[in-house]
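Here the structure comes first, spelled out in structure tokens, and everything after it is commentary.
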Amino acid sequence: LFIGLISLGVNAQDIKGGIRIAPNMATFSSDVDNSSSGKVGYSIGYIETMNVNSQFALQGEISYTHISYEAKDSFGGQSEDKSTFSNNFLEIPIIAKYRINDDFAVGGGMQYCWGLGSSNDLGRLIDLSYDMDNIKIGARYYNGSKKIYNGNSLNNISLSIVYIMF
């Protein structure tokens, strides 16, 4: 990474870092039958954005994320039993961002989710952001690749606020 930064000619003014807080909603793919529904979770972490030039940037993060969902099981068609499940992850996304103008950016990348007591996952994400002076507001969609719940992959939608510290 250090050699890459030097070769790109990046200096300290081109890197911004801050704290990211985001509520999220977990859902699951519908490639097999499931009766799960997402509940509101949260994410908190650290973010750094490195401007490559005036239009492109690389963004890295590390976040603690809690997701929650409810699953319903039918027993012989007679009754439904509802259970709530929670998973915790240490998420590490790497995002390539394109600035549409000075305020708006769109990005895509990969995210590794290290399961804290659950499965690990690697998936893709799409990121939208609106930048103000020291605040960044964002929306993100994550699509996991691993089958976590009854053969379904995890999808996660989040809205975030980032406070830029430097």
Do C113 and Y142 have side-chain heavy atoms sitting under 4.5 Å apart?
yes
Identify the two heavy atoms, one from G144 and one from N155, that lie closest to each other, and give their separation to 0.1 Å.
N-OD1, 4.4 Å
State, to 0.1 Å, how close S43 and T65 come at their nearest heavy-atom pair, and which atoms those are.
OG-OG1, 3.0 Å
Contacts of I44 that satisfy side chain to side chain contact (heavy atoms under 4.5 Å, CB included) - sequence neighbours left out:
I21
Quick one: hydrophobic cluster around V40, which other residues, with the 4.5 Å side-chain cut-off, linked directly or via members?
M25
Check the hydrophobic clustering (I, L, V, M, F, W, Y; side-chain heavy atoms under 4.5 Å; chains of links allowed) and say if V106 and M110 are grouped together.
yes
Atom of N143, atom of S153 and distance for their closest heavy-atom approach
ND2-OG, 4.2 Å
Applying the 4.5 Å side-chain criterion to the ILVMFWY set and letting contacts propagate, would L154 and Y69 be lumped into a single cluster?
yes
How far apart are the C-alpha atoms of F89 and I67, what are their side-chain angles, what is the distance that settles it, and do they pass the side chain to side chain contact (heavy atoms under 4.5 Å, CB included) test?
CA-CA 8 Å; F89 297 96; I67 64 165; 3.8 Å; yes
Keeping the roles fixed (side chain from S145, backbone from L122), state whether a donor-acceptor pair exists under 3.5 Å.
yes
Spacing of NZ belonging to K39 relative to NE2 belonging to H66, to within rounding of 0.5 Å:
10.0 Å
The criterion is ring pair (Phe, Tyr, Trp, His ring centres under 6.0 Å); which residues satisfy it with Y46, sequence neighbours excluded?
none
Pairwise salt bridge (charged side-chain N to carboxylate O under 4.0 Å, His left out) hits with a residue in residues 99-114, at least two apart
R99-D131
If you take all heavy atoms of I94 and G60, which pair is closest and at what distance?
CD1-CA, 4.2 Å
With sequence neighbours excluded, residues passing salt bridge (Lys or Arg N to Asp or Glu O under 4.0 Å) with D127:
K97, R140
Using the rule that two of Ile, Leu, Val, Met, Phe, Trp, Tyr join whenever any of their side-chain heavy atoms come within less than 4.5 Å, decide whether I47 and I92 are in one cluster.
no
side-chain hydrogen bond (donor to acceptor under 3.5 Å, both in side chains) with S68: which residues, sequence neighbours excluded?
none
Holding to ring pair (Phe, Tyr, Trp, His ring centres under 6.0 Å), I want the full list of residues that pass it with Y112, two or more places apart in sequence or in another chain.
none
Any pair with a residue in residues 107-119 that passes salt bridge (charged side-chain N to carboxylate O under 4.0 Å, His left out), sequence neighbours left out, goes on the list, sorted by first then second residue, please.
none
Transitively linked via ILVMFWY side-chain contacts under 4.5 Å: L128 with I137?
yes
Hits for ring pair (Phe, Tyr, Trp, His ring centres under 6.0 Å) against Y98, two or more places apart or cross-chain, chain-then-number order -> F56
Which donor-acceptor pairs under 3.5 Å do the side chains of residues 156-166 make with protein atoms, sequence neighbours left out?
from: S158; atom 1: OG; to: R20; atom 2: NH2; distance (Å): 3.4

Distance (rounded to the nearest 0.5 Å) between S129 OG and I95 CD1
8.5 Å
Partner set under side-chain hydrogen bond (donor to acceptor under 3.5 Å, both in side chains) for Y130, not counting sequence neighbours:
none
Got a sec, which residues hit ring pair (Phe, Tyr, Trp, His ring centres under 6.0 Å) with Y141, two or more places apart in sequence or on another chain?
none
